[in-house]
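These numbers come from the heavy atoms of this one structure, side chains and all, not from hydrogens, waters or symmetry mates.
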Amino acid sequence: MKALIALAAAAACVALGGISARRLALREEETRRWDRALMTLEGELEGGGLPLPQLMEKAGVDTLKTGAQLLRDHPGLSPEEMGARLSPPPLLTPPEWQIILTALRGLFAPTVPQQLMGLRHARGEWARALETCRTAAEKNIRLYQSLGWLSGAAVFILLC
């Protein structure tokens with residue numbers, strides 16, 4: 001019975017390490033998805049004059065699709081009102097969400113060159129956030145996995 005409890009506790013430690021590592025991997029994947037969305041927005045702005053709701057839908061991110069629907073339902077919506085109505089993705093940090101909101105505010109500029117300038121500014125900030133996330137993921141995913149295994153083994157040894 002004692003060995004079974006030790007094994008269960010060790011398995012829980014390994015599982016928690018794996019869950020933490022997986023969450024970091026998902027977070028990195030989410031930041032890359034937003035990076036592609038911001039690149040798509042910039043490319044579409046450079047390529048043609050799509051209305052803002054269609055432009056946001058082309059980015060391929062659910063949050064922006066929701067924003068596009070909000071603009072269709074409320075044509076006079078300001079960027080601040082839209083930002084307040086959108087839910088931040090759960091895997092992004094508050095500073096990363098603020099960068100996304102900055103990009104959205106840029107899209108509300110009156111001319112395409114101003115929209116591009118605002119979007120490029122936000123993309124510059126996003127590139128730094130993406131690199132920070134990527135570095136943390138590379139370092140900490142293996143760390144969490146190793147800590148899970150090591151703590152699992154330590155708990156098993158201590159309980160046996």
Side-chain angles (χ1 to χ4, degrees), residues 12-47 49-152:
C13 290
V14 171
L16 285 174
I19 289 168
S20 297
R22 180 68 182 141
R23 181 164 173 78
L24 275 178
L26 289 172
R27 185 171 139 48
E28 182 185 17
E29 187 179 310
E30 180 74 5
T31 57
R32 287 179 190 216
R33 185 177 305 121
W34 276 99
D35 188 51
R36 286 189 303 273
L38 292 174
M39 282 193 298
T40 300
L41 288 171
E42 185 175 347
E44 289 295 328
L45 276 174
E46 289 173 342
L50 288 176
L52 187 54
Q54 289 178 354
L55 181 69
M56 291 171 70
E57 279 186 349
K58 276 204 159 205
V61 178
D62 289 341
T63 304
L64 293 180
K65 289 178 183 177
T66 302
Q69 189 59 48
L70 280 171
L71 286 175
R72 280 191 198 90
D73 295 344
H74 309 283
L77 200 64
S78 73
E80 290 76 21
E81 291 171 329
M82 186 174 70
R85 291 182 183 197
L86 292 175
S87 300
L91 294 173
L92 295 184
T93 64
E96 291 166 347
W97 179 239
Q98 288 306 311
I99 295 170
I100 299 299
L101 292 178
T102 299
L104 290 177
R105 278 191 294 278
L107 293 176
F108 278 82
T111 66
V112 172
Q114 289 173 326
Q115 290 172 339
L116 279 169
M117 189 172 73
L119 189 57
R120 286 180 179 143
H121 171 73
R123 281 205 58 222
E125 290 181 39
W126 187 260
R128 288 185 289 281
L130 178 64
E131 186 57 34
T132 300
C133 181
R134 185 178 301 145
T135 303
E138 287 174 1
K139 181 175 73 172
N140 293 330
I141 287 174
R142 286 187 304 257
L143 175 69
Y144 288 151
Q145 290 169 337
S146 298
L147 283 175
W149 281 103
L150 290 173
S151 62

Taking the side chain as every heavy atom from C-beta outward, state whether [X] and [Y] have any atom pair closer than 4.5 Å.
X      : Y      : result
Lys58  : Gln54  : no
Thr63  : Ile100 : no
Arg123 : Leu41  : no
Leu91  : Trp34  : no
Gln69  : Thr66  : no
Glu96  : Glu30  : no
Thr40  : Val61  : no

Please check if the number of heavy atoms outside [X] that lie under 6.0 Å from its [atom1] is greater than 12.
X      : atom1 : answer
His121 : NE2   : no
Met39  : CE    : yes
Arg23  : CZ    : no

Checking the side chain of Gln115 only, and the main-chain atoms of Ala109 only, is there a donor and an acceptor separated by less than 3.5 Å?
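Present.
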So which heavy atom on [X] is nearest to which on [Y], and how close?
X      : Y     : result
Gly67  : Leu86 : N-CD2, 3.6 Å
Ala137 : Glu28 : CB-OE1, 3.6 Å
Ser87  : Trp97 : O-CH2, 4.1 Å

Would you say the side chains of Thr102 and Arg105 form a donor-acceptor pair under 3.5 Å?
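Distance-only check passes for Thr102 and Arg105.
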Could you measure the distance from the [atom1] atom of [X] to the [atom2] atom of [Y]? Nearest 0.5 Å is fine.
X      : Y      : atom1 : atom2 : result
Glu131 : Asp35  : CD    : CG    : 11.0 Å
Leu45  : Leu52  : CG    : CG    : 8.5 Å
Met82  : Met56  : CE    : CE    : 4.0 Å
Leu77  : Leu71  : CG    : CG    : 6.0 Å
Glu42  : Leu107 : CD    : CG    : 10.5 Å
Glu44  : Leu119 : CD    : CG    : 11.5 Å

Could you tell me whether [X] and [Y] have a side-chain N and a carboxylate O separated by less than 4.0 Å?
X      : Y      : answer
Glu29  : Arg33  : yes
Glu125 : Arg128 : no
Arg85  : Glu81  : no

Verify side-chain contact (heavy atoms from CB on, under 4.5 Å) between Leu55 and Leu64, making sure each step is shown before the conclusion.
CA-CA 9 Å; Leu55 181 69; Leu64 293 180; over 6 Å; no
